[in-house]
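What follows is one structure encoded as structure tokens, with my remarks underneath.
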Amino acid sequence: MIPYGRQSIAPEDIEAVVAVLRSDFLTQGPAVPAFEQGLCDYTGAPHAVALNSGTSALHVACMALDVQEGDVVWTVPNTFVASANCARYCGAEVDFVDVEADTGNLCVEVLREKLETAERAGRLPKVVIPVHFAGRPCAMPQIHALGERYGFRIIEDASHALGATLGGERIGNAPWADVTVLSFHPVKMITSAEGGAVLTRDAALAERMSALRTHGIVKGSEQLAEGGWCYAQLELGYNYRLSDVHAALGLSQLQRLDGFLERRRELARRYGELLADLPVKCPPPSEACSWHLYRIGVDAAKRKHIYEALRERGYGVQVHYIPVHLQPYYRALGFKSGDFPVAERFYAEGLSIPLFPDLTDGEQAQFIQALVGPAGPEH
Ligand SMILES: *Cc1c(COP(=O)(O)O)cnc(C)c1O
């Protein structure tokens with residue numbers, strides 16, 4: 001089966017993991033700080049805190065921005081459920097902002113109108129979570145300007161977007177978000193098997209997220225003065241620590257990221273050419289996008305047939321995303337079909353096709369041949 005996405009593991013990645021297994025520390029050793037420093041060096045972000053998943057990263061980001069019961073958090077329907085669930089973990093209400101039809105990213109015009117309405121109703125969001133769908137950066141300067149105007153904070157869900165750039169800056173190194181969230185799940189840009197991170201320019205936020213990762217515990221000079229054994233739990237945190245085994249894999253993968261990006265961008269350009277004569281909608285070309293996904297739009301009436309025909313031929317195509325507000329859990333909170341029509345259409349027509357660094361030119365060309373039959377006009 002050729003999947004829509006897959007990790008690339010090289011001998012040096014395996015060596016890095018084995019070296020940790022042979023060392024004194026499997027967790028809370030030197031690999032996690034080294035990985036965090038690597039993420040700072042790569043992105044330009046002043047602070048990075050590694051966590052055991054992207055979902056944990058979203059959760060501590062919300063907690064550090066004081067999201068709590070009585071607050072409202074907005075995200076997009078075209079995302080993985082974790083982008084919304086993080087606010088629910090904090091007891092906040094979730095609402096959604098519809099997306100752009102061509103990119104699947106948060107639509108700034110819709111956001112602007114929704115903010116005007118929310119201001120009149122006295123129900124402005126505390127935090128907005130834009131998602132860089134497929135690795136294509138959202139219009140962050142505009143979203144940030146609205147944040148200044150309406151007083152909300154921004155967590156950018158960059159789970160797809162490590163290595164993507166906006167205005168020449170790498171995602172994670174910009175004043176447009178309070179916190180940038182990364183995921184290192186195997187299909188993402190780099191992997192630590194499971195893992196995630198938060199990046200921020202704000203030292204106090206970084207310190208708080210770092211404490212929340214380990215029960216809310218700090219060991220500052222005050223504690224050390226009392227005795228070397230002493231620590232203080234300041235608030236209710238979790239065990240969201242990444243292990244050194246995972247961090248070593250993540251750091252090794254980070255050295256390979258530029259190669260991954262180059263190959264993904266090359267494959268994306270080639271898809272644009274190979275798909276030009278087929279009745280499918282291609283994503284807008286972009287060299288700034290990290291191309292976590294290559295999502296095409298097909299005739300919604302034929303989508304299931306195309307999906308099944310390709311699966312039968314050994315292509316693990318996938319659909320990104322079932323709109324979050326249509327999940328049974330969110331429907332039970334009052335959302336329904338028709339609430340966010342652009343995201344719903346984006347879902348109905350969407351198909352993510354194979355794109356990962358180790359996909360060969362030959363495999364890509366063969367995939368196009370397999371797609372021509374079921375996606376062609378005669379079916
Ligand atoms: C993968 C992903 C997450 C969650 O990351 P995990 O590491 O699997 O917890 C969150 N948001 C988006 C958009 C993702 O794609």
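Atoms within each ligand, like the ligands themselves, are counted from 1 in listed order. No hydrogens, no waters, no symmetry mates; every other heavy atom, side chains included, goes into these values. Small disclaimer: the values here were computed from a predicted structure and weren't measured.
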S83: numbered ligand 1 atoms lying under 4.0 Å from its heavy atoms: 11 (N)
G54-ligand 1 polar pair, N/O distance under 3.5 Å: yes
Aromatic ring proximity F184/H246, centre distance under 6.0 Å: no
Any G195 heavy atom less than 4.0 Å from ligand 1: yes
N52-E194 side chain donor-acceptor pair, cut-off 3.5 Å: no
Contact atoms of ligand 1, heavy-atom distance to S183 under 4.0 Å: 1 (C), 5 (O), 6 (P), 7 (O)
Option from V72, D66, L65 for which side-chain contact (heavy atoms from CB on, under 4.5 Å) with K126 holds: D66
Closest approach of any protein heavy atom to atom 11 (N) of ligand 1, naming residue and atom: D157 OD2, 2.7 Å
Any donor-acceptor N or O pair under 3.5 Å, side chains E344, H325: yes
Atom 4 (C) of ligand 1 [closest protein heavy-atom partner, distance rounded to 0.1 Å]: T55 OG1, 3.7 Å
Side chain to side chain donor-acceptor pair (under 3.5 Å) between D157 and S159, intermediate numbers included: CA-CA 6 Å; D157 184 341; S159 294; 2.6 Å; yes
Residue, atom name and distance, where the atom is the protein heavy atom closest to atom 10 (C) of ligand 1: S159 OG, 3.5 Å
N or O pair under 3.5 Å between K188 and ligand 1: yes
R256 and S8 side chains, donor-acceptor separation under 3.5 Å: yes
N173 and T43 side chains, donor-acceptor separation under 3.5 Å: no
Structural part of H160 in contact with ligand 1, heavy atom criterion under 4.0 angstrom: side chain
Electrostatic pair D358:R6 at N-O distance under 4.0 angstrom: no
Sub-3.5 Å N/O-N/O distance, T79 and ligand 1: no
Proximity of F133 to ligand 1 by residue part, where a heavy atom lies under 4.0 Å: neither
Proximal ligand 1 atoms for Y321, defined as those under 4.0 Å from one of its heavy atoms: 15 (O)
